[in-house]
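Note that ligands are numbered from 1 as they come in the structure, with each ligand's atoms numbered from 1 the same way.
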Amino acid sequence: MYYSGLFGVDSSKLLLFSIVSYFIYVHLLKPLLHYIYIVIHYHGFHYRPKSFLLGHLKQIWPNFPFPIDTERRTRNIYELTDKIFELNPSRSLTVLWISLFPIIFASDSETVEKPHFYQFMGLGNGLLSSAPALWKVRRKLIEPFFSTRKMRDHAKHMFKEVESFSRQLDDQVGKPVDLVNQIHSSTLNIILKSATSTSLDDSFDDKKRFLELIESLEKNCVRRLSNPFYQLDWTFKLFKFSQFYHQTIQDIEKFINTILSRRKQQLQCSTSNEPENQDFVDLLEGKVDEQGLLDELVTLIGAGHDTTALTLRWILFNLGKSNHLDEQEKLYQEIIQFFPDDTPLGDMDKINQCIYLEQCIKESLRLNPPAHITLRALEEDIIVKDKRLIKGSIVCVSFTATHHDPNVYPNPDKYDPERWNPENASKIPKTAFIPFSHGPRSCIGYRYAMLELKIYTIQIIRKFSLRSTRKHGSIPLKAEVTLKPVLPLEIIMTARNNNQPELPASSIFWICHQLLLKHILIGNEESKYNNKMLQQLAACTGSVLV
Ligand code: HEM
């Protein structure tokens, strides 16, 4: 009895000790040892930092650990990654150290595992950030949303939205504008309509707030990623910023829930129950739990509007540059051949025949890919350039560097849509053009995005001729989740003669104001610009000013 009692107490202690030890080993010691092994392994690699502890952090955050302006930090990240490729023309196997966390810049791999950084985006277990096992199931589930048949349904929303968007542009004619707000708001409408059958009209109070929240989510992600104290969840929780970070995620989820309630109300009033009206929510409802649906919706809406909006702004800006006016004219001629005057856009087959349009879009995506890097966690050891990369390492591929490889793209900084004509394009390797990434975890929405970009570009170019106000190289960039211009991508739109709208009073006032301010300068470019303004003013007021 005595012995059996003692044995009983000891064995339960022993059992407890074994369980605790097992958890400590599996969840703490083993990852820590593996991490130390990774750190030691990569310290021999290219671009060794000056400080072992801080790595390259000081180049991103010069006054670490004191507060730094987010804008400054995102610009530094871009400049540093850009420098990495300058320093290493072979474009691979360079290690960037965020303090003690190594990120290896290497060539792409087929791995589907995403590193822990993706969790910082606040997208939960959405497709973009989920672990491989869940990702495989969800990707299969979501793929039908982008099928050829479904694309025709999406196109209907796009045509409608883009027409209403282009009507708003009449107010912007004749003055330098970056259409950032109008475009973001419009691409958001499109993805919301496809995803939830509801769109937000501009009077919806929360719309601006929602766009701000998505922007905030991106900034928070970079802020977390670049701070070594914010890497582990439990250390992150000790900082006040974590409250703001989680609050942003909660606010976005609240917003999505509001949209879902509106959708429910609309469905109750609607009589139509046709299968082609199925939206993203219909596709997932009942197949994933409530949190899963929220995660996928935030992912789809976040990934599906910001990237497209940014690309469209670059497309317009690139076409508007003074040395690209021939390209713009060629594109215009192609577009009016298929869509003269105000003929409705609703013909996908005709859109697909606009070959030069696709070339212009691809060239813009090459030069200004909105997502500029992709990261993967290696699931196995791999050998690259005779060096071993260890399982668990974080590998980064830079799209900007890949798209500027002079062996594939001679004179890589030049905007040249002819690179993509059928003959030249056949010589470009698939892995040399990766704005939508490459391999199994590439963008699921790329056909959706391309269609959307084509529809917007057709509608804008057939209505307006564009002129950019800045030189391309003069625009600094900053690396948030997407690569953003620091200065506005300003263009001046002039209504094409065939459908010139009346200039609104605000624009006439603006032109007069500019002319007075500049005293009608007689310099080359300046005088051409002023003459154009005068002509426009004359056309709109009917007076003989010039
Ligand atoms: C020009 C527009 C777009 C660009 C340049 C772009 C780019 C990308 C890239 C590079 C990735 C891979 C990210 C990574 O490797 O970590 C990605 C993934 C993704 N994109 Fe896009 N995207 C665009 C538009 C869209 C649209 C319109 C949608 C939805 C309607 C969308 C939904 C997604 C989703 C859900 C993923 C995650 C896929 C997965 O992991 O399986 N994207 N996108």
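- If you check the side chains of Glu253 and Asn257, you find no donor sitting under 3.5 Å from an acceptor.
- What you find for Asp178 and Pro488 is that their closest heavy atoms are OD2-CA, 3.3 Å.
- Checked options Trp420, Phe399, Tyr409; the residue passing with Phe433 is Trp420 (criterion: ring pair (Phe, Tyr, Trp, His ring centres under 6.0 Å)).
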Polar pairs, ligand 1 vs protein, N/O only, below 3.5 Å.
{"unit_1": "ligand 1", "atom_1": "15 (O)", "unit_2": "Thr374", "atom_2": "OG1", "d": "2.5"}
{"unit_1": "ligand 1", "atom_1": "15 (O)", "unit_2": "Arg376", "atom_2": "NH1", "d": "3.1"}
{"unit_1": "ligand 1", "atom_1": "15 (O)", "unit_2": "Arg376", "atom_2": "NH2", "d": "3.3"}
{"unit_1": "ligand 1", "atom_1": "16 (O)", "unit_2": "Lys114", "atom_2": "NZ", "d": "3.1"}
{"unit_1": "ligand 1", "atom_1": "16 (O)", "unit_2": "Tyr118", "atom_2": "OH", "d": "2.5"}
{"unit_1": "ligand 1", "atom_1": "16 (O)", "unit_2": "Thr374", "atom_2": "OG1", "d": "3.3"}
{"unit_1": "ligand 1", "atom_1": "40 (O)", "unit_2": "Leu127", "atom_2": "O", "d": "3.2"}
{"unit_1": "ligand 1", "atom_1": "40 (O)", "unit_2": "Arg441", "atom_2": "NE", "d": "3.2"}
{"unit_1": "ligand 1", "atom_1": "41 (O)", "unit_2": "Trp135", "atom_2": "NE1", "d": "2.7"}
{"unit_1": "ligand 1", "atom_1": "41 (O)", "unit_2": "Arg139", "atom_2": "NH1", "d": "2.6"}

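- At distances below 3.5 Å, at least one donor-acceptor pair connects side-chain atoms of Ser442 with backbone N or O atoms of Gly439.
- For Phe210, the ring-ring contact (aromatic ring centres under 6.0 Å, His included) partners at least two apart in sequence or on another chain are Phe255.
- Screening Tyr448, Phe159, Phe280 against His154 for a ring pair (Phe, Tyr, Trp, His ring centres under 6.0 Å) leaves a single residue, Tyr448.
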